[in-house]
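Right, one structure below, let's go through it.
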Amino acid sequence: MAEPIERYIPANIEAKWQKKWETDGLYHSDIDKSKKKYYALTMLPYPSGNLHIGHWYAMTPSDAHARFMRMQGYNVMFPMGFDAFGLPAENAAIQRNIHPKEWTYDNIANMRKQLRSMGAMFDWRREAVSADPEYYRWTQWFFVQLFKNDLAYRKMSPVDWCPKCNTTLAREQVWGEDRHCERCHTPVIKKDLNQWFFRITKYADELLNFSTIDWPEPVRILQTNWIGKSEGASVVFKTEQGDPLEVFTTRPDTLWGVTFMVLAPEHPLVKKLTTPDNKAKVEAYVQESVRQTEIQREATDKEKSGVFTGGYAINPVNGERVPVWVADYVLMTYGTGAIMGVPAHDQRDFDFARKFGLDVRVVIQPKDMEELDGASMAQAVPAEGTMVNSGPLTGTPGDEAIHKAIQLIEEKGVGKGAVTYRIRDWLISRQRYWGAPIPVVFCPNCGAVPVPEDQLPVMLPDDVEWRPTGESPLKLHPSWRFTKCPQCGGDAERETDTMDTFMCSSWYHLAYLSPKNPDWPFKQDEYDYWMPVDCYTGGVEHATMHLIYTRFFHKAFRDLGVTKEAEPMLQLRNQGQILGPDGQRMSKSRGNVIDPDEQVRLYGADTVRSYLMFGYRWQVGGPWDPGNIQGSHRWLGRVWTIFLEEGKTAADTTRLDRQLRRRVHQTLRSVTGDFEHFEFNTVVSGLMELLNDMAEIKENGGWNTSAWQEAVDIYLRMMAPVAPHISEELWARLGKPYSIHLQPWPVYDEAAAAEDEIELVIQVNGKMRDKIVLPVGVTEDIAREAALAREAVQKILAGREPRKVIYVPGRLINIVG
RNA sequence: GCCGGAGUGGCGGAAUUGGCAGACGCGCACGACUCAAAAUCGUGUUCCCUCGGGAAUGUGGGUUCGAUUCCCACCUUCGGCACCA
C-alpha cells in the first residue's frame with residue numbers, strides 16, 4: 001500500500017503561489033499583436049474599507065472567465081482599480097475625524113491586500129485610482145473638452161438636495177417612494193442652484209441603439225425606459241396677449257378635442273396670463289405647489305388640484321378660445337411644462353375636467369363602442385377610432401389620424417412633428433470636497449473660462465474644512481478659491497463644486513490602458529490594441545447610471561475624435577447579489593455580513609471561489625449558506641487525494657480507459673460551453689461528476705494508465721480557472737511544467753466522447769415504462785421491434801396493436817396504444 | 001398602474017432543440033474506520049402507497065404522442081419606473 005500523503009491545506013500553498021505569480025509577472029498583459037486580444041473588465045470597487053463577499057462574487061467568476069479566455073489563446077487584460085472619490089469618504093471621515101484622503105488611501109491599501117488574496121489575474125501595473133492627481137487630471141481634461149464643445153453648460157436649476165449630506169444628488173441617487181438619499185436615507189428637498197450639466201440628451205437617440213452590443217435584455221429595457229422616447233408633435237398655441245404657448249403632445253389627432261390648457265406652476269407664462277381678479281389664488285396655489293415636496297406633488301393617487309388663471313389661449317387649428325389653468329399634475333421638467341387638455345381621451349385631463357366642471361368634447365369614436373357623449377361618459381377613452389368633430393380631420397380612420405394631424409399643423413405653420421425624451425441632461429455638480437474639482441474659473445470680464453489643459457490638474461487642496469456647512473467646502477478656502485483668470489489675468493474665482501464620481505468612472509477603462517500617461521489620457525497604441533472592452537461584468541443596479549454615462553461618454557468623445565468606436569463595452573454580463581444567511585441584504589446593522597477574509601482563513605481562497613461559482617446561478621445570486629461551502633471544500637480535498645494518492649492498475653484496463661476517456665471528453669465539452677455562457681455552477685458540478693467517475697475508475701483498477709494521465713492533465717486545466725492555486729500545486733507535484741496558467745485549454749476529442757451504445761427510453765402513452773440498451777445508430781425498425789418485445793410494454797398493450805409509434809433517434813420511443 | 005426577473009425535494013440548484021424531472025452539492029439517516037470524537041470513506045434519501053403502482057416543476061386552462069420548457073388567464077415575490085402629456 002502506498003504511503004499516506006499530506007493533507008490538502010490551502011494556507012500552505014495559496015500565499016506561496018500568489019507570491020510566485022507576482023514575482024514572475026505571470027499576469028502581466030502587454031500588447032502582443034501575434035495574439036487576439038481580450039479586454040475583460042469587472043466593475044471597480046469603491047474603497048469602503050473592506051472587501052465584501054459581494055466583491056468576491058462579482059470578481060472571482062469574472063476572473064475565472066478571463067482565465068478561461070486566456071487558456072483559449074487570447075491575450076487577456078484584466079485590470080483593477082479604485083473608484084476613490086465620493087461621499088462616503090467624507091461621511092466616514094466626519095464620523096472618525098480623519099481626513100477623507102487618509103481614510104480613502106488607508107482603505108485602498110487594505111483592499112489591495114484583500115484583492116490579492118483572491119488569486120485573481122489582475123495586472124496591478126495597470127491599477128488606476130480615480131483620486132490620484134494623475135488620474136483626475138484627465139477627468140478634468142475630459143470636462144474641458146466637453147465644455148469647449150458645448151457639451152457642458154451651466155444653468156440655474158432646481159435640484160434634489162440632501163439636507164443631511166448637504167449636497168446635490170443626481171436623479172438616480174434619489175430612491176424610494178419617499179424620495180430619500182441613497183446614502184443616508186434622508187428625504188430630499190428641492191433647491192435652486194447654478195449647476196453644470198452634460199448634454200447627454202443630445203445622444204438620447206443614439207443611446208437607444210443597442211444593435212452592435214451584446215448586453216442583457218433587462219439592461220437594454222431599463223435604459224430604453226429611462227431614456228423614455230415619445231413621439232408626437234409640438235403645437236404652438238397663442239395666449240390672448242399674443243405670447244406663444246408651446247405644448248408637446250403624443251396625440252396631435254385630438255387637437256380638436258382641447259377644452260382647456262394647463263401650465264405647470266413654475267411655467268414662466270403663469271404670471272402674465274393671470275388676470276387681476278385671479279392673482280391672489282393663483283399665487284397662493286403656485287406657492288403651495290412649490291413648497292410641497294415632490295412626493296406629495298407626484299403622488300399619482302392624489303385628487304387633481306388646480307386654479308384658473310383667468311387667461312385664455314387660442315387653439316391654432318380651430319381658432320377656439322380655451323381657458324388656461326395652473327395645476328401641479330403638469331411637470332415643468334417634462335416636455336414644455338404645458339399641456340393641452342383633452343378630457344375625452346386622456347384620463348388625467350378627464351379627472352381634471354370633471355373636478356372643475358370643464359367641457360368634455362369627443363373627437364374620436366371607437367368602432368365597437370356606442371356613441372360617446374362628453375357630458376355623460378364616466379371615463380376617458382384613449383382608444384383608436386374614427387375622427388369626429390375635428391374639422392378637416394373628421395372621418396379619418398384612427399391609424400392615419402396622427403400622421404394627418406401633423407401634416408396639417410405643419411402646413412399651417414403652427415407646429416411640427418416632435419420627439420421628447422424623459423432623460424434629462426446629466427447634472428455633475430456636487431457641493432462637496434472629496435471629488436475632482438471642476439476646472440473652471442469665473443472671471444468678471446471673460447465669464448466662465450475653462451482651465452487650460454497645460455495647467456491641469458486643478459489640485460484638490462488638502463487643508464480644507466471638509467465638515468459639511470451647506471456650502472461647497474472649497475468655497476471656504478480663500479487661497480485656493482481666488483485666482484487669476486487664465487484668459488485676461490485679472491482677479492477671478494474658481495468653481496468650487498466638484499464632479500459627480502460617475503464622471504470618474506465613465507472613463508476608467510481607458511485609464512487602465514496606461515494609467516500614468518503624461519500627455520494624453522491614454523497611450524494610443526494601447527488604445528488601438530485593447531479597445532473596446534470585450535467583456536464587462538458587474539451589477540445590474542448600474543443600468544441607468546454608470547452604464548448609460550459611460551456609453552454617452554464614449555459617443556461624445558468619438559465625436560471629438562478622442563475615442564474611436566461608438567460603444568465602449570461589447571458584451572455585458574450581470575451577476576446577482578449574495579444576501580446574508582437570513583436572506584436579507586447584508587448590512588452591518590443587521591449583523592449578517594459575511595467576511596471573505598474569514599472564509600479564506602477557514603477554507604482557503606480556492607474553496608471560496610469554487611463555492612461562489614458552484615452554489616448560485618451567477619446572474620441571480622442568493623443567500624450565503626454557511627454549510628454549503630463545505631461541499632466545495634470537500635471537492636478540492638477529494639481532488640487532492642484522488643490525484644496524489646497511489647491506486648491500483650488492473651491487468652486489462654481497455655474498458656476502463658475507454659470509459660474514462662469518454663467521460664473526460666464529455667466533461668470537457670460541457671465545461672467549455674458552460675464557461676462560454678457564464679454558467680459557472682455547472683462548470684463546477686461537471687467537474688465534481690467527473691471526479692466521482694474517476695474515483696470509481698481508480699477504485700476498479702484504472703489508475704495510472706495513459707488514459708488516467710490524460711484525465712488528470714485535462715482535469716487540472718479545466719479546474720485551473722476556478723481554483724488557480726490547488727491546480728497549480730497539483731500540476732507541479734505531478735511533475736508538469738510551470739505554470740498551469742500558461743497552458744492552453746485542452747483539445748476536445750469528439751471520437752473519445754462518443755457513446756457506443758444508447759439507453760433508449762421506452763414510453764407507453766407518454767409514460768416512461770422501460771429502458772433498453774441498444775448500439776448507437778440503431779434503425780427505427782430495430783428499436784421499435786426491440787421495444788415492442790419488452791414484457792413491460794406487452795403487459796400494458798395487452799394484445800392491442802399500437803396506434804402510433806414516435807421514435808426520437810438515440811433518445812426515446814413512445815408507443816401510443 | 002406600467003415594465004422586467006424569479007417561482008422545481010427539507011435547502012442551494014440541474015435538465016442542448018418540446019423527449020428519463022430532481023444531475024451535482026448541502027442537510028438528514030444508517031454503516032465502516034476510531035476507546036471515543038473530528039476528519040474521511042460507503043449506502044440510502046421528492047411525496048403517497050395496499051409494493052401493482054399513483055402523484056408532482058406557483059395556480060387554472062390550452063396545444064402536443066409527449067410540456068419545467070410553447071400559448072392564454074391568474075397568484076406570490078424581488079427589482080425598476082410611476083400624473084412623462
Side-chain angles (χ1 to χ4, degrees), chain A residues 7 172 175 177 216-226 228-230 232 247-251 254 262 264 297-302 304 327-331 333-342 346-349 351-352 420-423 540-541 543-544 574 576-577 579 583 610-611 614-617 619-620 622-632 634-635 637-638 641 669-670 673-674 677 679 681-682 684-692 695 699 759-771 795 802-808 810-817:
Chain A
R7 282 182 53 210
E172 52 280 358
W175 286 14
E177 274 179 40
E217 167 115 14
V219 173
R220 301 199 313 256
I221 291 171
L222 239 37
Q223 293 202 345
T224 303
N225 292 344
W226 186 259
K229 178 176 185 170
S230 38
V247 298
F248 173 76
T249 176
T250 54
R251 297 294 302 272
T254 63
V262 187
R297 261 183 77 169
E298 291 188 357
T300 51
D301 49 358
K302 192 182 79 168
K304 294 274 179 293
D328 63 6
Y329 82 93
V330 175
L331 310 174
T333 47
Y334 184 79
T336 61
I339 62 152
M340 56 186 218
V342 186
D346 181 284
Q347 190 59 38
R348 297 156 301 183
D349 297 346
D351 294 342
F352 191 77
T420 296
Y421 300 90
R422 207 189 73 107
I423 194 173
V540 71
E541 65 273 14
T544 55
N574 299 121
Q577 263 190 352
L579 307 171
S610 307
Y611 172 58
F614 172 65
Y616 306 86
R617 276 178 284 187
Q619 39 296 59
V620 177
W624 177 264
D625 187 327
N628 236 337
I629 187 172
Q630 301 195 30
S632 301
R634 277 179 209 148
W635 167 53
R638 265 162 61 76
T641 43
R669 181 178 56 203
S670 69
D674 291 343
H677 298 111
E679 282 159 5
N681 54 348
T682 46
V684 180
S685 72
L687 290 171
M688 285 174 169
E689 278 178 78
L690 177 57
L691 186 69
N692 291 345
E699 195 56 41
E759 196 177 42
L760 191 74
V761 171
I762 303 173
Q763 290 186 340
V764 181
N765 294 328
K767 278 193 177 143
M768 207 276 285
R769 297 295 180 180
D770 204 357
K771 290 177 191 176
K795 216 167 127 189
R803 280 193 286 130
K804 195 171 170 186
V805 175
I806 287 115
Y807 178 65
V808 183
R811 281 177 181 272
L812 167 144
I813 190 160
N814 188 12
I815 297 156
V816 186

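No hydrogens, no waters, no symmetry mates; every other heavy atom, side chains included, goes into these values. Here is how names work: the chains are called A, B, and so on, in the same order as the sequence lines, proteins then strands, and each is numbered from 1. These numbers come from a predicted model, not from an experiment.
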Legend entry - Pair assignment for RNA chain B - dot-bracket with | for other-strand partners, Watson-Crick or G-U under 3.5 Å: (((((((..(((......[....)))((((((.......))))))(((....)))..(((((..]....))))))))))))....

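- At whole-Å resolution of the value, CH2 in A:W635 and P in B:G25 are 11 Å apart.
- Remark: A:N574 engages no residue in a side-chain hydrogen bond (donor to acceptor under 3.5 Å, both in side chains) (not counting sequence neighbours).
- Applying the 6.0 Å contact sphere to CD of A:E699 captures no more than 12 heavy atoms from other residues, nucleotides or ligands.
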Legend entry - nucleotides 2-13 of chain B: protein proximity per nucleotide (B base, S sugar-phosphate only, - neither; heavy atom, under 4.0 Å): -SS-SS----BS

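- An anti orientation is assigned to B:G53, its glycosidic angle lying beyond 90° of 0.
- Straight-line distance between the C1' atoms of B:A82 and B:A15: roughly 39 Å, to the nearest whole Å.
- Put simply, CG on A:D674 is 8 Å from P on B:A15, counting in whole angstrom units.
- Nucleotides B:G31 and B:A38 have their P atoms positioned 14 Å apart, rounded to a whole Å.
- Considering only residues two or more places apart in sequence or on other chains, A:K229 meets the side-chain hydrogen bond (donor to acceptor under 3.5 Å, both in side chains) condition with A:D205.
- Taking atom P on both B:C11 and B:U59, the two are 15 Å apart, rounded to the nearest angstrom.
- Nucleotides B:G18 and B:U43, compared at atom P, are 36 Å apart to the nearest Å.
- Partners of A:W624 according to the ring pair (Phe, Tyr, Trp, His ring centres under 6.0 Å) rule, which considers only residues two or more places apart in sequence or in another chain, are A:Y611.
- A:N692 meets the side chain to side chain contact (heavy atoms under 4.5 Å, CB included) test with A:R638; sequence neighbours excluded.
- A sub-4.0 Å separation between OP1 or OP2 of B:G53 and a side-chain N or O of A:K795 is absent.
- With sequence neighbours excluded, the residues that form a side chain to side chain contact (heavy atoms under 4.5 Å, CB included) with A:Q630 are A:Y603, A:R634.
- Counting any heavy atom pair closer than 4.0 Å across all strands shown, A:R220 reaches no nucleic acid atom.
- Remark: A:V620 pairs with A:R617 by the side chain to side chain contact (heavy atoms under 4.5 Å, CB included) rule, at least two apart or across chains.
- In terms of position on RNA chain B, the residue among A:S230 and A:T641 whose nearest nucleotide sits closer to the 5' end is A:T641.
- For the side-chain hydrogen bond (donor to acceptor under 3.5 Å, both in side chains) test, no residue two or more places apart in sequence or in another chain qualifies with A:Y807.
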What's touching nucleotides 16-21 of chain B from the protein side, N or O pairs under 3.5 Å?
from  : atom 1 : to     : atom 2 : distance (Å)
B:G19 : N2     : A:Q763 : OE1    : 3.3
B:G19 : N2     : A:N814 : ND2    : 3.4
B:C20 : O2     : A:K771 : NZ     : 2.6

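- Separating the CD atom of A:Q577 from the C1' atom of B:U77 is a distance of 16 Å, rounded to the nearest angstrom.
- Straight-line distance from the CZ atom of A:R422 to the P atom of B:C81: 8 Å, rounded to whole Å.
- A:N692 has a side-chain polar atom (N or O) that falls below the 4.0 Å cut-off from OP1 or OP2 of B:G25.
- Cation-pi check for A:K304 over A:Y329 is met; the charged atom lies under 6.0 angstrom from the ring centroid and within 45 degrees of its normal.
- The glycosidic torsion of B:G52 lies within 90° of 0, which places this base in the syn conformation.
- A donor-acceptor pair under 3.5 Å is formed between the side chain of A:T641 and the backbone N or O of A:G637.
- Comparing the P positions of B:C83 and B:U76 gives a spacing of 24 Å, expressed to the nearest Å.
- The nearest whole Å value for the distance from the CD1 atom in A:I629 to the C1' atom in B:G27 is 16 Å.
- Separating the C1' atom of B:G53 from that of B:C3 is a span of 47 Å, rounded to the nearest Å.
- The side-chain hydrogen bond (donor to acceptor under 3.5 Å, both in side chains) check on A:R220 picks up A:E217, with sequence neighbours excluded.
- A straight line from CZ of A:R634 to C1' of B:C24 spans 14 Å, rounded to a whole angstrom.
- Taking the P atoms as reference points, B:U16 lies 15 Å from B:A23, given to the whole Å.
- B:U57 and B:U69: their P atoms are spaced 9 Å apart (whole Å).
- For A:D625 and A:Y616, the side-chain atoms include no donor-acceptor pair closer than 3.5 Å.
- Remark: P of B:C81 and CD of A:E541 are 13 Å apart, rounded to the nearest angstrom.
- Nearest-nucleotide assignment on RNA chain B puts the 5′-proximal partner with A:G686, out of A:G686 and A:V816.
- Taking the ring pair (Phe, Tyr, Trp, His ring centres under 6.0 Å) definition, one finds that A:F248 meets it with nothing, sequence neighbours left out.
- Rounded to whole Å, atom C1' of B:C83 lies 12 Å from atom CZ of A:F352.
- Nearest to the side chain of A:T250, among B:A82, B:C41, B:A85, sits B:A85.
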